[in-house]
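Below is one structure, written out as structure tokens; the observations come after it.
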Amino acid sequence: MNLKNKIKVKILGYKATSESYITYLRKIGVQVGEDVVLYRPLNTTIDVQNPHLLEIGNHVMMTGPVTILTHDYSWSVLKRKYGEIVGNQKYTVLKDNIFIGWGATILAGSYIGENTIIGAGSVVSGHLEGNAVYAGNPARRILSIDEYYQKRKSKQIEEAIAYVRKYEERFGAVPSIEKLDEYFFLFFNPNDQSQRETFDFKLKLLENYDETMKKAELNKPIFSSYDEFIKYCRENR
């Protein structure tokens with residue numbers, strides 16, 4: 001941990017960074033896999049009342065504020081009315097390769113299968129099969145992960161052009177190549193060392209660099225270079 005983060009931890013406690021939060025969760029008994037990232041740790045609430053009732057797999061990305069629960073205190077109303085304590089504590093599971101959108105809530109007892117995207121503001125309850133996109137309150141299946149993949153691929157050129165145009169309007173200049181770090185597969189040449197260095201961070205994300213490079217080698221980019229892509233943007237205003 002670098003000095004800056006050490007200072008943050010001293011001031012803000014275990015929620016200071018993603019690393020410190022995850023270290024704390026593991027220390028108290030939560031099962032947490034590798035490559036788990038909390039993008040807004042200070043705004044994220046993970047129920048630690050029952051650490052043994054929470055499982056978080058590998059490659060789980062959480063934006064913020066995200067809430068994950070393992071219990072429900074609504075039995076307090078029942079106790080007041082009937083005098084009896086009727087507990088509500090449940091095992092909550094997030095499997096591998098999951099993205100949880102901004103403001104989502106995962107209720108106690110929920111199960112989220114692998115390769116799943118949870119839309120912003122969703123409330124997850126019950127068993128969600130993997131390989132799908134879910135959204136809403138309660139979260140419902142919107143489409144399969146394969147359908148989402150094809151949908152996103154079909155919009156890459158349109159969105160990349162819009163990005164370039166808005167950048168030019170705002171800053172009066174063409175964005176540099178590294179700014180297109182989410183659309184570079186449109187022109188990426190895996191044999192170009194300069195491009196590989198430019199997009200090294202994104203290529204190594206989620207610890208599957210070799211798989212990504214193999215995909216890039218098999219991929220036939222629409223544009224032979226970044227300059228050709230920019231020229232296309234200008235010709236299609």
Side-chain angles (χ1 to χ4, degrees), residues 1 5 8-9 12 14-26 30-48 51 54-70 92-108 110-125 127-137 139-153 155-156 159 178 180-185 199-213 215:
M1 186 182 295
N5 284 341
K8 286 178 67 177
V9 170
L12 301 174
Y14 70 87
K15 281 191 173 187
T17 69
S18 177
E19 179 185 2
S20 62
Y21 204 150
I22 291 168
T23 297
Y24 170 75
L25 293 175
R26 288 174 176 154
V30 176
Q31 182 178 327
V32 184
E34 300 302 318
D35 189 34
V36 175
V37 181
L38 284 60
Y39 289 102
R40 296 291 186 273
L42 196 60
N43 305 116
T44 296
T45 300
I46 296 178
D47 186 352
V48 295
L54 179 57
E55 174 187 333
I56 301 173
N58 302 309
H59 316 300
V60 176
M61 308 290 117
M62 304 183 201
T63 54
V66 166
T67 300
I68 301 176
L69 302 175
T70 61
T92 303
V93 178
L94 285 68
K95 301 303 285 184
D96 297 343
N97 197 28
I98 293 172
F99 172 81
I100 303 177
W102 187 279
T105 298
I106 315 301
L107 298 179
S110 295
Y111 174 97
I112 304 177
E114 63 182 15
N115 306 317
T116 296
I117 296 170
I118 304 298
S122 298
V123 177
V124 175
S125 177
H127 189 102
L128 303 189
E129 295 293 340
N131 296 293
V133 177
Y134 293 84
N137 180 7
R140 299 187 183 282
R141 187 179 185 278
I142 305 301
L143 70 173
S144 73
I145 203 71
D146 289 333
E147 290 169 333
Y148 184 69
Y149 172 57
Q150 294 302 326
K151 178 180 178 179
R152 296 305 310 134
K153 280 180 66 69
K155 294 182 178 295
Q156 294 301 283
E159 291 182 3
E178 63 268 16
L180 273 293
D181 63 349
E182 292 196 13
Y183 300 102
F184 69 93
F185 259 55
F199 301 115
D200 182 68
F201 175 74
K202 287 293 175 67
L203 290 168
K204 290 180 178 177
L205 274 178
L206 301 174
E207 302 176 347
N208 65 338
Y209 177 84
D210 291 342
E211 183 178 346
T212 300
M213 288 304 299
K215 185 73 173 182

Once rounded to the nearest 0.5 Å, what's the spacing between atom CD1 of I56 and atom CD of E34? 12.5 Å
Under a 3.5 Å distance rule, please check whether S20 uses its side chain to pair with a backbone N or O of V9 as donor and acceptor. no
For a 4.5 angstrom cut-off between non-hydrogen side-chain atoms, does K15 reach T44? no
Rounded to the nearest 0.5 Å, the CZ atom of F201 sits from the CD atom of E178 at a distance of 14.5 Å
For A104 and G119 the tightest heavy-atom approach is CB-O, 4.1 Å
L69 and T92: side-chain contact (heavy atoms from CB on, under 4.5 Å), yes or no, with the steps? CA-CA 7 Å; L69 302 175; T92 303; 5.9 Å; no
Is it true that E159 and R152 have a side-chain N and a carboxylate O under 4.0 angstrom from each other? yes
Between the OH atom in Y24 and the OG1 atom in T17, the distance rounded to the nearest 0.5 Å is 14.0 Å
Could you report the tightest heavy-atom contact between P41 and A16, atom names first, then the distance? CG-O, 3.9 Å
Which heavy atom of L143 sits nearest to which heavy atom of Y148, and what is that distance? CD1-N, 3.6 Å
Rounded distance [0.5 Å steps], CG in N131 versus CZ in R141: 9.0 Å
Ring pair (Phe, Tyr, Trp, His ring centres under 6.0 Å) partners for Y111, two or more places apart: H127
If we ignore hydrogens and angles and just use 3.5 Å, is the side chain of N58 paired with the main-chain N or O of G33 as donor and acceptor? no
Identified side chain to side chain contact (heavy atoms under 4.5 Å, CB included) partner of F99 from the options T116, I117, V60: I117
Using a distance-only test with no angle check, is there a side-chain donor-acceptor pair under 3.5 angstrom linking D35 and H59? yes
Residue pair R40 / M62, side-chain heavy-atom distance below 4.5 Å: no
Grab the two heavy atoms, one from Y21 and one from L38, that are nearest each other, plus how far apart they are. CD1-CD2, 3.4 Å
So, T63 side chain and W102 main chain: donor-acceptor pair closer than 3.5 Å or not? yes
Taking C-beta and beyond as the side chain, do I68 and L94 meet within less than 4.5 Å on heavy atoms? yes
Measure the spacing between CD1 of I112 and CG of N97 and express it to the nearest 0.5 Å. 12.5 Å
Could you tell me which non-hydrogen atom of A108 sits nearest to which non-hydrogen atom of T70, and how far apart they are? CB-C, 3.4 Å
More than 12 heavy atoms of other residues, nucleotides or ligands under 6.0 Å from CZ of R26: is that the case? yes
Shortest non-hydrogen contact from L128 to A139? CD2-O, 4.4 Å
Side chains of T212 and K215: closer than 4.5 Å at any heavy-atom pair? no
After noting the C-alpha distance and the side-chain angles of V133 and K151, does the key distance pass the side-chain contact (heavy atoms from CB on, under 4.5 Å) rule? CA-CA 12 Å; V133 177; K151 178 180 178 179; over 6 Å; no
Which value, rounded to the nearest 0.5 Å, describes the distance between L12 atom CG and N5 atom CG? 10.5 Å
D181: partners by salt bridge (charged side-chain N to carboxylate O under 4.0 Å, His left out), with sequence neighbours left out: K202
N-O pairing of K155 and E182 below 4.0 Å: no
